[in-house]
Protein chains: 2
Amino acid sequence: MQKKQTATIYDVASRVGVSLATVSRVVNGNSNVRESTKRKVLDAIEELGYHPNAVARGLASKKTTTIGVVMPDVTDMYYSELARGIDDVANMYHYDVLLTNTDEDPVRETMAVNNLASKQVDGIIFMGNELDREVLNTIAAVDAPVVLAGSLDEEGILPSVNIDYVAAVKEATELLIRNKHDRVALVTGPMVHAINKHHRLVGYQAGLEAANIAFDDSLLFATHQDYSAGLQVAEKIFAAQATAAVVYDDEVALGIMNYMRDHGKSVPEDFEIITSNDTKFAIVTRPELSSIGQPKYDIGAVAMRMLTKLMNNEVVDDMQVQLPHTFEKRGTTINPQP
Amino acid sequence: MQKKQTATIYDVASRVGVSLATVSRVVNGNSNVRESTKRKVLDAIEELGYHPNAVARGLASKKTTTIGVVMPDVTDMYYSELARGIDDVANMYHYDVLLTNTDEDPVRETMAVNNLASKQVDGIIFMGNELDREVLNTIAAVDAPVVLAGSLDEEGILPSVNIDYVAAVKEATELLIRNKHDRVALVTGPMVHAINKHHRLVGYQAGLEAANIAFDDSLLFATHQDYSAGLQVAEKIFAAQATAAVVYDDEVALGIMNYMRDHGKSVPEDFEIITSNDTKFAIVTRPELSSIGQPKYDIGAVAMRMLTKLMNNEVVDDMQVQLPHTFEKRGTTINPQP
DNA sequence: ACACAATTTGCAAACGCTTACAATGACTAA
DNA sequence: TTAGTCATTGTAAGCGTTTGCAAATTGTGT
C-alpha cells in the first residue's frame with residue numbers, strides 16, 4: 001500500500017548538512033541554535049515531512065508524554081465526564097491518554113497499573129470506588145506519580161481531587177429532614193468502600209444527628225451502580241417505608257424514581273429524592289432530579305493539572321484537594337420549608 | 001521518592017548467566033529454549049521483579065501494541081458505548097488504547113491522527129460524523145491501518161463497521177406512516193455529513209415514497225447533538241405541525257419529547273417518536289423511547305477485531321461490515337396498526 | 001593582532017530491547 | 001567414527017532519539 005518509510009532525524013540532518021544533535025535541538029525548541037541554521041533545518045523538516053518518532057524519543061529521554069487513566073467504565077456518565085476534564089487538560093499540556101476500563105475489579109486494576117508502568121507512562125490518574133490493598137501497593141511501587149480523581153484511599157495519603165462528600169451528604173440529608181421526613185433512606189454502594197463508609201454514611205449520620213433522629217440501619221441500602229439496581233432497591237426502600245432518599249448515583253436514582261411512580265407514589269409529593277452526580281441523566285427526565293452538584297469536569301481537570309505538576313517535580317501545596325459542591329434544586333424535592 | 005531503578009533484561013541475563021537473546025526469547029514466549037533454562041530465567045525475572053520496557057520493545061520491534069481511538073466525545077453515550085466495545089476486544093488482544101476527543105473538529109481530528117502516527121500506534125479506530133477531505137488525506141498518509149466505527153466516509157472505501165442506516169431509517173419512517181402519520185419529521189445532524197445526506201435522508205425518503213407521500217423539506221431538521229438542541233428544534237417541529245419524528249440522537253429525542261409534553265401534547269398519543277441510538281437514555285424516562293436498536297458495543301468490538309486482522313496482515317473478506325439492527329418498541333410509539 | 005569568553009555545533013555514548021545470523025553442542029544414522 | 005541434523009544459545013547490529021562533553025567558530029575588549 002502506502003508503506004512510506006518515514007524520514008528520520010538522520011535524513012534531515014544529512015539533507016541540511018548538520019549533525020543529528022543540531023536537528024534534535026531545533027525540534028525540541030532547544031536553547032541555542034543559530035537562527036539561520038534553525039531555518040534551514042525547519043525547511044528540510046517541512047520538505048521531508050519529518051515527524052519525530054515518539055517511541056525513540058521516549059527511550060532516549062525517559063519521558064513518553066503519555067499518561068494513564070484507570071477508570072471503572074467509560075460508559076458511566078460520572079466517570080466519563082471526569083475523563084473529559086482529564087483529557088482536555090492533558091492535551092493542553094501535550095500529554096496523550098492511555099485509557100483502561102477495569103469495572104472496579106481489583107485484579108484488572110492491578111494489571112492496568114502495572115501495564116501502564118511498563119509502557120512507561122509519565123503519570124497515572126486513577127478512578128474507582130475502592131482502593132484494594134494490593135492495588136494500593138501496586139500504585140506505591142510504580143515509578144510515576146499517581147493522583148486519584150473522584151476517589152479516595154482509606155488513609156487519605158495519595159494525592160487526590162474530590163468534593164467534601166461528608167458535607168454534601170449531610171446537607172442533602174438535612175434538607176430532606178427539614179422537609180418533614182423522618183425516614184430518609186441512604187442509598188450507596190457497598191460499605192466496604194471507604195467512600196461509602198467513611199464519607200457518605202458519616203455525612204448521613206451527621207445530618208440525622210443534627211436533627212436528633214436516631215440512625216436506623218434498615219434505611220441503609222447498598223446497590224450496584226446502574227438503572228436496574230435502582231429499580232430493584234426501590235422495592236426494598238418502599239417496603240421500609242422511607243419517604244425520601246439520598247442516592248449516590250443518578251441512574252440508580254432514576255430507577256428508584258420510576259419504581260415509585262409506577263407504584264402509585266408521586267415524586268416529589270410522596271417521595272423525595274436527591275441524587276449525587278448531577279450528570280446529564282438528572283435533567284432529561286420529568287421531573288428532573290434534584291442533585292448534589294459536583295464539578296465533575298473540574299475534578300478531572302484539576303487532578304490532571306496536579307499530575308502535571310507532580311510529573312514536573314513542582315511543589316504541590318495541597319495534595320488532597322476538595323472542590324466546592326453545590327445543590328441543584330430541581331423537581332424531585334419540594335421547596336424547603338422556611 | 002521511591003525512585004526504583006527497574007531491572008533491565010541485561011540484569012536478568014547476567015543473573016542467570018545467559019545472553020540477552022535468551023531472556024528475550026523466554027519473555028516473548030518464543031520458540032525454542034530449553035525447559036531448564038527457561039525456568040531459571042523465569043525465576044530470575046520473578047526475583048528481580050523485571051518488567052519489560054514497552055518503549056524499548058516498541059523501538060526495536062516497530063510494534064507498540066497500542067492503538068489509537070479518535071472520537072468526538074467520551075461523554076457522548078453513543079460513542080462511549082462503542083469505545084467500550086473497542087476497549088474490551090483491544091484488551092483481549094493485548095492492545096492498549098490511546099484515546100482522543102475531537103469534538104468533531106477536523107483540525108483536531110487531523111492533529112489527533114498525526115499525533116497517533118508519531119506515537120507509532122499499530123492501528124487506529126476513527127469515529128465521527130464527518131470525514132473532512134483533509135482528515136481523509138491524513139488518514140491515507142498514515143502508515144497504520146485505520147477502521148471507521150459507526151462512521152462512514154463519503155466514498156465508502158475505508159474499512160468500516162456500521163448498521164444499514166438507510167434501511168433502519170426507512171423502517172422507522174414506514175412504521176410511523178403506518179400509524180397514520182402523514183407529517184413525519186426527520187431530525188438529523190447537518191446535511192453536509194455523508195451519514196445524514198446519503199443514508200438517513202435517503203432512508204427517510206424511501207419510506208415516504210413507499211407510502212406515496214411527497215417529500216416536504218420543511219419537515220427536515222438539523223440540530224446539534226444534545227438535549228438542549230432537542231428542546232429548541234422541538235419548537236420548530238411543533239410549528240411545522242408534524243405529528244411524529246424519527247430522531248438521530250437520544251438526547252435530542254428526549255428534548256423533543258419533553259418539549260412536546262410541556263406544550264400539552266401527550267406522547268405517544270399526540271406525537272410519536274422513534275430515536276436511533278438506543279442508549280441508556282432511552283430507557284430511563286417515562287415513557288421510554290422507542291428506538292432503532294443498534295448493536296453499539298458490537299460495532300466497536302467488531303471494528304476492533306477487524307483492526308487486529310488488518311494489523312496482522314490477515315485477509316479481511318468484508319471491509320465494509322453492516323451489523324444487523326433491530327427495532328425496540330417502547331413507549332413513544334403506539335402499537336402498529338395491523 | 002591576541003587572549004578569552006560566548007555561542008554554535010558535532011561526537012558518540014546511551015536508552016532497553018529485538019532479531020538475523022553465527023556458533024555451539026548433542027544426537028542420529030550409517 | 002564421521003558427517004549431518006536439530007535444538008539451543010550467543011553475537012552484535014540495529015531501532016531513532018537525547019544529551020553530556022568536547023571542538024569549532026565567532027565575537028569582544030584591548
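The chains referred to below are lettered A, B, ... by the order of the sequence lines, with proteins before strands, and numbering in each begins at 1. Atoms considered below: every heavy atom in the structure, side chains included; atoms not considered: hydrogens, waters and symmetry mates.
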For this session: Decide side-chain contact (heavy atoms from CB on, under 4.5 Å) for B:Phe126 and B:Glu109; before the verdict, give the C-alpha distance in whole Å, the side-chain angles of both, and the deciding distance to 0.1 Å.
Result: CA-CA 9 Å; B:Phe126 189 99; B:Glu109 291 175 333; 3.6 Å; yes
Exercise. When the distance from CG of A:Asp11 to C1' of D:dC15 is rounded to whole Å, what number comes out?
Worked result: 14 Å
Exercise. Is it true that B:Asp103 and A:Arg84 make a salt bridge, defined as a side-chain N closer than 4.0 Å to a carboxylate O?
Worked result: yes
Problem set entry | Candidates C:dC11, C:dG16, D:dT18 - which lies nearest the side chain of A:Ala21 | C:dC11
Exercise. Is the side chain of A:Asn53 donor-acceptor paired with the backbone N or O of A:Thr8 at a distance under 3.5 Å, no angle test?
Worked result: no
Exercise. Residues two or more places apart in sequence or in another chain: which of them pass salt bridge (charged side-chain N to carboxylate O under 4.0 Å, His left out) with A:Glu46?
Worked result: none
For this session: Please state how far atom CG in B:Leu59 lies from atom C1' in D:dA13, giving the value in whole angstrom units.
Result: 14 Å
Exercise. Taking atom C1' of C:dA14 as reference, at what distance in whole Å does atom CZ of A:Arg57 sit?
Worked result: 17 Å
For this session: Please work out which residues in residues 43-56 of chain B have a non-hydrogen atom less than 4.0 Å from an atom of DNA chain D and list them by number.
Result: none
Exercise. Whole Å only: how far is the CD1 atom of A:Ile9 from the C1' atom of C:dA14?
Worked result: 15 Å
For this session: Verify side chain to side chain donor-acceptor pair (under 3.5 Å) between A:Arg39 and A:Ser36, making sure each step is shown before the conclusion.
Result: CA-CA 5 Å; A:Arg39 188 155 315 286; A:Ser36 62; over 6 Å; no
Exercise. Under 4.0 Å between a side-chain N/O of B:Ser24 and OP1 or OP2 of C:dT18, yes or no?
Worked result: yes
Exercise. Phosphate oxygens OP1/OP2 of D:dG16: is one of them under 4.0 Å from a side-chain N or O of B:Lys62?
Worked result: yes
Seminar exercise, completed: To the nearest angstrom, the CG-P distance between A:Asn28 and D:dG16 comes to 17 Å
Problem set entry | B:His94 backbone acceptor or donor facing B:Asn91 side chain under 3.5 Å | no
Exercise. Between A:Asn28, A:Thr65, A:Thr64, which is the residue that forms a side-chain hydrogen bond (donor to acceptor under 3.5 Å, both in side chains) with A:Arg57?
Worked result: A:Asn28
Problem set entry | side-chain N/O A:Thr8 vs D:dG16 OP1/OP2, d < 4.0 Å | no
For this session: Ignoring backbone atoms, test whether A:Arg34 places a side-chain nitrogen or oxygen under 4.0 Å from the OP1 or OP2 oxygen of C:dT8.
Result: no
Exercise. How long is the line joining CG of B:Leu20 and P of C:dC21, in whole Å?
Worked result: 19 Å
Problem set entry | Length of the line joining B:Arg25:CZ and C:dC21:C1', which is rounded to integer Å | 11 Å
For this session: Let me know, please, whether A:Val23 or B:Thr22 comes out on the 5' side of the other along DNA chain D by nearest nucleotide.
Result: B:Thr22
Problem set entry | Interatomic distance, B:Tyr10 OH vs D:dA12 P [rounded to whole Å] | 13 Å
For this session: When you get a sec, tell me which of C:dT9, C:dC17, D:dT19 is the closest nucleotide to the side chain of A:Thr37?
Result: C:dT9
